[in-house]
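These notes are about the structure you will find just below.
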Amino acid sequence: MENRQYYIFTDGEQRGPYELDKLIEAGVRPSTYVWCKTMADWERADSVEEIRELFRRHLKRVKENGREPQEVQPAAVVTPVPFQPDAARGETEEERPQRFPFPADVESEPDYNRPPQVSMTLAVLSLLLCFPPAGIAAVVFAYKAQKSWEQSLKPGASDVEELRKKAHEYERLAKMWLGLTVALGIIAWTLIFSLPKN
């Protein structure tokens, strides 16, 4: 399983990223809000299963060393509490992202397990009706996206992940060229129809 890295929101600021085994050292407690790239929103640490397991292991080590845990409580007795807006400050649920902003330097990765969403039909139509030079590129990349995806589905295919990444990269390029083809086509047709007629 991928070794996820977590950002934490503590003392009014965002910190991280931290490896899982560094979270307690970084000051994460059950009530600390955490976020990683696979999560849709910030969540309390005690609502994330692998962090709860980290707390359990930490508690076990502390007891084995003959010390009483001071700050980290057993996850089993901690009830996850959802974000509660501070009415006294006039906060609403919609304002949560302002209190817990997403890391600006982390780009969300596309879902490589979904097929490319680019239409070969649209690419061909853009080639025929809009701007052929750019339309050719749209058709080529749309074809490559479909081909790479089909190859990743074949039984015994090697480098499935790499093939799917290529399919999504071709999808991105196909959509870019498709948009460019349509834009140039509109400009070209506008100029054609605006020419003075004899």
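Ring pair Tyr7/Trp35 is tilted by interplanar angle, where 30° to 60° counts as tilted.
Taking hydrophobic clusters as Ile, Leu, Val, Met, Phe, Trp and Tyr residues chained together by side-chain heavy-atom distances below 4.5 Å, Leu127 shares a cluster with Met120. Hydrophobic clustering (side-chain heavy atoms under 4.5 Å, transitive across Ile, Leu, Val, Met, Phe, Trp, Tyr) groups Val124 together with Ile136. Both Val28 and Tyr18 are part of a single hydrophobic cluster, where members link through side-chain heavy atoms under 4.5 Å apart. No path of Ile, Leu, Val, Met, Phe, Trp and Tyr side chains, each step under 4.5 Å between heavy atoms, connects Trp149 with Val140, placing them in separate hydrophobic clusters. Cluster annotation: Leu128 and Ile186 are assigned to distinct hydrophobic clusters (Ile/Leu/Val/Met/Phe/Trp/Tyr, side-chain heavy-atom contacts under 4.5 Å, transitive).
The residues Glu169 and Lys166 are annotated as not salt-bridged, no charged nitrogen and carboxylate oxygen being separated by less than 4.0 angstrom. Between Lys175 and Glu171, at least one side-chain nitrogen of the basic residue sits less than 4.0 Å from a carboxylate oxygen of the acidic one, meeting the salt-bridge criterion. A salt bridge links Lys165 to Glu161: at least one charged side-chain nitrogen sits closer than 4.0 Å to a carboxylate oxygen.
With 3.5 Å as the limit, one finds no donor-acceptor pair spanning the side chains of Gln14 and Tyr33. For the 3.5 Å distance criterion, the side chains of Gln5 and Glu19 qualify, holding a donor opposite an acceptor.
In terms of heavy-atom proximity, Ala138 sits nearest to Thr181 at CB-OG1, 4.4 Å. Nearest heavy-atom pair across Gln151 and Leu163 is OE1-CD2, 3.6 Å. The two residues Ile24 and Arg29 make their nearest non-hydrogen contact at O-NH1, 3.6 Å. Between Asp21 and Leu54 the shortest heavy-atom distance is CA-CD1, 4.3 Å. In this structure, Ala145 and Pro116 approach most closely via the heavy-atom pair O-CG, 3.8 Å.
Atom CH2 in Trp189 sits 9.0 Å away from atom SG in Cys130 (nearest 0.5 Å). Note that CD of Glu53 and CG of Leu20 are 9.5 Å apart. Values are rounded to the nearest 0.5 Å. In this structure, the separation between OG on Ser148 and OH on Tyr143 is 9.5 Å, given to the nearest 0.5 Å. Rounding to the nearest 0.5 Å gives a distance of 10.5 Å between CH2 of Trp42 and OG1 of Thr32. Rounded to the nearest 0.5 angstrom, Leu184 CG and Phe131 CZ are separated by 5.0 Å. Between the CZ atom of Phe55 and the CG atom of Leu23 there is a distance of 7.5 Å, given to the nearest 0.5 Å.
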ask   = His168 and Arg172: side chain to side chain contact (heavy atoms under 4.5 Å, CB included), yes or no, with the steps?
value = CA-CA 6 Å; His168 281 268; Arg172 185 186 67 80; over 6 Å; no

request  = For the pair Met39 and Glu43, evaluate side chain to side chain contact (heavy atoms under 4.5 Å, CB included) and give the outcome as yes or no after the intermediate values.
outcome  = CA-CA 8 Å; Met39 295 165 59; Glu43 296 180 17; 3.7 Å; yes

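Judged by distance alone, with hydrogens and angles left aside, the side-chain atoms of Arg52 form a donor-acceptor pair with the main-chain N or O of Asp46 at under 3.5 Å. A donor-acceptor pair under 3.5 Å links the side-chain atoms of Ser47 to the main chain of Arg44, judged by distance alone.
Arg57 has its side chain out of reach of Lys60: every pair of non-hydrogen atoms, C-beta onward, lies at least 4.5 Å apart. The closest side-chain heavy-atom distance from Ile51 to Tyr6 is below 4.5 Å.
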